[in-house]
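Reviewing the structure listed below.
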Amino acid sequence: MLRTHTCGELRLGSVGQTVTLCGWVNTYRDFGGLVFIDLRDRYGLIQVVFNPSKAEMHEVARTLRNEDVIRVTGQVVARPADMQNAKLATGEIDVQAGELEVLNKSKTPPFFPTQTDLPNEELRLKYRFVDLRRPEVQQALILRHKMSKATRDYFDENNFLEIETPMLGRSTPEGARDYLVPSRVHEGCFYALPQSPQIYKQILMVAGYDRYFQLAKCFRDEDLRADRQPEFTQIDVEMAFVQQEDILSTIDGLMKRLVKDLRGAELQTPLPRLTHREVMERFGSDKPDLRFDLELKCLGDIAAACDFGVFKSTIESGGRVRGIRVPQAAEKYSRKVIDELTEFVKQYGAKGLAFFRVKDGELDSPIAKFFNADHQKAIITRMAAQPGDLIFCVADTFKVSCAALSALRNRLARELNLFDPQELKIAWVCDFPMFQWNDEEKRWDAEHHPFCQPVDEDIPLLDTDPGQVRAQSYDLVCNGYEAASGSVRIHDSAVQQKIFNLLGITNEEAELRFGFLLEALRYGAPPHAGVALGLDRWVMMFLASDNIRDVIAFPKTQKASDMLTGAPAPVDLRQLRDLHIKVDVPK
RNA sequence: GGGGUCGUAGAUCAAUUGGUUAGAUCGCCAGCUUGUCACGCUGGAGGCUGCGGGUUCGAGUCCCGUCGAUCUCGCCA
C-alpha cells in the first residue's frame, strides 16, 4: 500500500501519528512561505501544510496544481482553536508534511470537480473521469452500490437464487428493437442482446428454480429519454407456485428494505393498490405522480348540456370532457402563459385548452358565455373550486384527454412546487387491460406481453369483448415513473392459444417465434409470476434526480453515443469480412 | 421521422434596433505573499462567435443548410 490512511478518516484522536496519504490536489493556497493543500480522495478532504523549513520539498509543493496526484508523509497536528475549519470533517487537524512525492502531474482539466457551475453534458461525458470525481456523482454511485447490495441481501435472505442468463440470445420480433451481434461461425446469423431475461426466467421456473432474481443488464435500441438509456439494469424476479399477491408482497418487502437501508425510514406496507381504470380516471396516466392532488374530474354531463359546441360535440361523439382545478392560480397564470400551456397540451394531441378563472359563484373565461349560471355553479361544485382557483379543461377522446391532462398536471405541479422532490410516493397499479387495439394493423396488441394471464373472471370475454379483458399484470409506480412491471404468466396452453389467436399470431408463427418457450411449458410448467424493477430509475428516485445519466457511471448521449470512447465507431474491413457483413450506408 | 431550447475565451455567461477594437467572472501563466481554507494583491496570455452558404455598405445578432448537446411526440410487447 502506498498509503497508511485515507483523506477522510483522520480526526483529533490521531494527533501525533505519522501518516502517509495519497490523493488529488483539490485546491492549493500558496503564501510564499506556507503552502496549503486540500488533499482529496473518495473518502474526504484533509489539509496538508508545507513549511519552508524543508526547502527542497517546499519548492516542489509550490509547483503543485489542482488535480495533481501526490503522496505525502507527515505528522497529524491539532489546529489552534481559531484556525479550525468547521466545513471539513477533518477541519480540526492538519497534516504537517515531511515528505512529498508527485505521483503524477495533471494537465489542466477543461473543468474542475470543485466548480459550482457545471459545464455542459457533452464536456462532462467526454471528460467523465473528471466529472466522476465530483462528490455528487460519487454519492450517486455509492447509493447505487448500496441499493444493489441491499437487493441481493434481501433476496438471498428470502431463499432466492441469483442466476445469470445469456447476453447473446435469440432475436424475437416482438417488443423493442434489438441490438444485434453478428455471428462469425454462422454466416448471416445474428444474436440479439436481451431486452430483458423474460423467456429465460420463465424457463428457469419450468426447471424448478422457483425463486429467481438477477441484477440483469438489458438492451433496447429505441430513442432515449431523460429516464431511458439503451442499456440499463433490471432487478429481475420470477417465482413459481405463487399468485399475483405473492409477487406484490415480496416487492413490498424489498421496497421496505430499500427505504430502511438507504433512507433510514419506515415505509408503510402493504403499498397502496390502485386499478388501472381508477388511475386513468383520476390522473389520466398509468404512472401517476401521487405526491400531489390536482385530480381530474369528469364534466361530461355538464358539457353535454351547455352551449359550448366543442364540449357538446365531444360528448356526442363519445369523447370525454375533464378538468383539473389549480388552487389559487387564477392570478398566477396570465393569458400569455395559458397560451403557452395550450401549445404544450397540443403536443399530446389536444386541439385546445379551455380555462375558467373562478370568481365568487361564477366563472370568468372567454367561453363563460356558453355556460348559464346553473352550469357554472355545477362546474364549480364538481371541481370543488374556490374563488381564485383556475380550472383547465380538455375535451377530446379518452386517450387524448388522458395524455394532455396528465402532462399538464405534472407540469403545473412542478411549476407551483406542489410536492417535495425528496418524497417517495409508491403504489401498485393493477388490472391493466390485456389488449390494446392497433388501429393501423386492425388487430389487438398485447399491452404487457403475450404470455400474461388474464384475470380469471374475464376469460369468457376473450371471445366476446377482448378490449374489456383485464390482465393479471401490475406496475409499481413512484413519483410519476413506471418503476417496475410484471405479471402472472400463462401456463395453460388452451388460454395461450386463444391469446395468440387474438394477437393474430398463427400456431405456426407462435412455434417459429417462441417455440422453445412453448415447448418448455409443455414439460411440467408450474404456475409462475414475476416482475422486473428498473434499478437505474430507483437510484434516480432515491436521489431525487430527474435524469438517469446521473446514476450511471458511463452513460450515453441522446444519440446513444459514448462521448468518452467515441462508440459507436466504424470497424476494420477485415472484421466485417470475418462476420460476412457488407455495410450499405445511405448517402 | 416530427417539434422546442441551446452552441461566443479552458469553464459559466454577457454583448441595445444588424454598427467602432466581442466583454465579465472563474480558471490558466508570471511575480509578490508564513495561517489560509472559494486566501489575497499586481501584471499577462487567451476568441475561425460549432461548421458551410446567403442577405447586407456592414452579421455573434437576420435567412437557409448542416453537425452536436438537451427536452419532448412517435417509439420503448
Side-chain angles (χ1 to χ4, degrees), chain A residues 26-39 45-53 58 62-63 65-67 77 79-80 82-88 90-91 94 96 107-127 130 172-178 195-196 198-199 218-230 232 340 343-350 400 403-404 407 410-411 432 434-436 438 440 444-452 471 473 482 485 487 499 503 505 513-514 534 546-547 549 556-559 561 563:
Chain A
N26 196 58
T27 50
Y28 66 94
R29 294 175 291 281
D30 180 358
F31 286 83
L34 289 177
V35 174
F36 297 94
I37 299 283
D38 288 342
L39 192 64
L45 281 177
I46 189 165
Q47 178 167 273
V48 182
V49 187
F50 298 91
N51 200 289
S53 58
H58 181 255
R62 293 194 69 183
T63 68
R65 292 297 179 267
N66 292 349
E67 303 308 313
V77 297
R79 294 202 202 180
D82 58 334
M83 292 171 198
Q84 295 182 352
N85 184 352
K87 288 185 218 158
L88 281 187
T90 58
D94 284 331
Q96 196 73 48
K107 284 175 69 176
T108 302
F111 62 96
F112 292 93
T114 47
Q115 91 188 39
T116 42
D117 285 340
L118 281 181
N120 70 50
E121 290 236 22
E122 196 177 348
L123 200 67
R124 286 178 55 199
L125 294 177
K126 183 170 179 190
Y127 294 90
V130 176
T172 52
E174 302 267 320
R177 204 172 288 112
D178 284 321
Q195 297 173 24
S196 82
Q198 180 64 35
I199 288 174
C218 304
F219 305 84
R220 293 181 190 173
D221 186 5
E222 297 291 350
D223 284 353
L224 284 72
R225 290 285 186 281
D227 62 344
R228 262 164 41 188
Q229 281 274 306
F232 60 100
E340 281 172 30
E343 286 310 305
F344 175 73
V345 296
K346 283 181 181 171
Q347 272 187 76
Y348 300 88
V400 168
N410 287 339
R411 174 170 170 164
F432 274 70
M434 187 84 188
F435 306 105
Q436 213 170 36
N438 183 333
E440 268 170 42
W444 296 100
D445 279 342
E447 171 89 25
H448 185 59
H449 62 61
F451 312 111
C452 176
S473 71
E482 178 191 318
S485 184
S487 65
I499 304 295
L503 295 174
I505 303 173
R513 291 190 197 179
F514 314 111
D546 56 8
N547 199 301
R549 293 186 298 277
K556 302 217 170 11
T557 68
Q558 208 198 7
K559 286 223 170 135
S561 4
M563 300 309 281

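Proteins get letters first, then strands, A, B, ... in listed order; numbering begins at 1 in each. These numbers come from a predicted model, not from an experiment.
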Return no unless some side-chain N or O of A:Ser485 is found under 4.0 Å from OP1 or OP2 of B:C76.
no
Do A:Arg79 and B:C37 have a side chain to base donor-acceptor pair shorter than 3.5 Å?
yes
Distance below 4.0 Å between A:Thr27 side-chain N/O and B:C37 OP1 or OP2
no
Please state how far atom CD in A:Gln115 lies from atom P in B:C13, giving the value in whole angstrom units.
10 Å
Distance check: side-chain N/O of A:Lys87 vs OP1/OP2 of B:A38, anything under 4.0 Å?
yes
Can you check whether A:Thr557 reaches A:Met563 side chain to side chain, under 4.5 Å on heavy atoms?
yes
Just to be sure I understand the rule, does A:Glu343 reach a base, reach only the sugar-phosphate, or reach nothing, if contact means heavy atoms closer than 4.0 Å?
nothing
Cation-pi check, A:Arg124 onto A:Phe111 ring (under 6.0 Å, within 45° of axis):
no
B:C39, OP1 or OP2 - any side-chain N/O from A:Arg29 closer than 4.0 Å?
yes
Report yes or no: is there a donor-acceptor pair, N or O only, under 3.5 Å between the side chain of A:Arg62 and the base of B:U33?
yes
Does A:Arg225 contact B:U70 through a side-chain donor or acceptor facing the base, at a distance under 3.5 Å?
no
Figure out the CZ/P separation between A:Phe36 and B:C39, and round it to whole Å.
12 Å
Do A:Gln195 and A:Cys218 have side chains that approach each other closer than 4.5 Å (heavy atoms only, starting at C-beta)?
no
Can you tell me whether the side chain of A:Asn120 and the base of B:G7 have a donor-acceptor pair closer than 3.5 Å?
no
A:Tyr348 OH to B:C71 P, straight-line distance once rounded to whole Å:
13 Å
Between A:Leu118 (CG) and B:C26 (C1'), how many Å, whole number?
14 Å
Contacts of A:Ala226 and A:Asn51 projected onto RNA chain B by closest heavy atom; the upstream (5') one is A:Asn51
OP1 or OP2 of B:A11 versus the side-chain N and O atoms of A:Arg124: is any pair under 4.0 Å?
no
Check if the side chain of A:Asp82 and the base of B:G35 share a donor-acceptor pair of N or O atoms closer than 3.5 Å.
no
Are the ring centres of A:Phe36 and A:Phe50 closer than 6.0 Å?
no
Using a heavy-atom cut-off of 4.0 Å across all strands, would you classify A:Pro52 as base, sugar-phosphate, or nothing?
base
Quick one: A:His449 NE2 to B:C76 P, roughly how many Å, whole number?
15 Å
Nearest-nucleotide 5' precedence on RNA chain B, A:Gln84 against A:Ser196
A:Gln84
Expressed in angstrom and rounded to an integer, what is the separation of A:Gln347 atom CD from B:G4 atom C1'?
8 Å
Could one point to a donor on the side chain of A:Arg220 or the base of B:C75 with an acceptor on the other under 3.5 Å away?
no
Taking donor-acceptor contacts at under 3.5 Å, does the side chain of A:Gln47 reach the base of B:U36?
yes
With a non-hydrogen cut-off below 4.0 angstrom, is A:Asp30 in contact with a base, only sugar-phosphate, or nothing?
base
A:Asn547 side chain N/O closer than 4.0 Å to the phosphate oxygens (OP1, OP2) of B:U70?
no
Heavy atoms, side chains only, cut-off 4.5 Å: are A:Thr27 and A:Ile37 in contact?
no
Contact under 4.0 Å: A:Arg549 side-chain N or O vs B:A69 OP1/OP2:
no
Charged N to carboxylate O under 4.0 angstrom, A:Glu222 versus A:Arg228?
no
Whole angstrom value for the distance that separates P of B:U36 from CG of A:Asp38
14 Å
Rounded to the nearest angstrom, tell me the gap between atom CD in A:Glu340 and atom C1' in B:U5.
13 Å
